[in-house]
Amino acid sequence: MDTSKWLKEKISDYKRFVITLLIMSTYLYIGTLISLYEYGTKAYLFLYPVMGIALVTACVMTWKIRKWKKKLVED
């Protein structure tokens, strides 16, 4: 397989995973709001670290995607 084709496929996979992480983080955030205002529980405190890790991972993957796109343009 050609290196540029492999890199394009990897970039598209990472993009899909970043979108999945952002959607998951959004659902968790909405769940914390519902938990906080509707039920008045402290269960939302467990969701904040998970959301943080997902968002940091999405940021790192976005940084890698930009780096790989620059590499594709150079080649």
What's the separation between atom [atom1] in [X] and atom [atom2] in [Y], rounded to the nearest 0.5 Å?
X	Y	atom1	atom2	value
L22	C59	CG	SG	8.0 Å
I65	K10	CD1	NZ	11.0 Å
T26	M51	OG1	CE	9.5 Å
I30	S25	CD1	OG	11.0 Å
L33	L47	CG	CG	10.5 Å
K69	K8	NZ	NZ	11.5 Å

Original post:
Take atom OH in Y27; do more than 12 heavy atoms of anything else shown fall under 6.0 Å from it?
Top reply: no
Hydrophobic cluster membership, with links at side-chain heavy-atom distances under 4.5 Å among I/L/V/M/F/W/Y: are [X] and [Y] in one?
X	Y	value
W6	Y14	yes
Y48	L55	yes
M61	I23	no
L45	Y29	yes

Original post:
Could you walk me through whether R16 and D13 pass the salt bridge (Lys or Arg N to Asp or Glu O under 4.0 Å) check?
Top reply: CA-CA 5 Å; R16 285 191 292 261; D13 286 342; 2.2 Å; yes
Subject >> Working for side-chain contact (heavy atoms from CB on, under 4.5 Å), residues V18 and T57 >> reply: CA-CA 8 Å; V18 166; T57 305; over 6 Å; no
Least distance between heavy atoms, [X] atom then [Y] atom:
X	Y	value
S4	D2	OG-OD2, 2.7 Å
A54	M24	CB-CE, 3.6 Å
L21	A58	CD1-N, 3.9 Å

**OP:** With the side chain counted from C-beta on, respond yes when F46 and V50 share a heavy-atom pair under 4.5 Å apart, and no when they do not.
**Re:** no
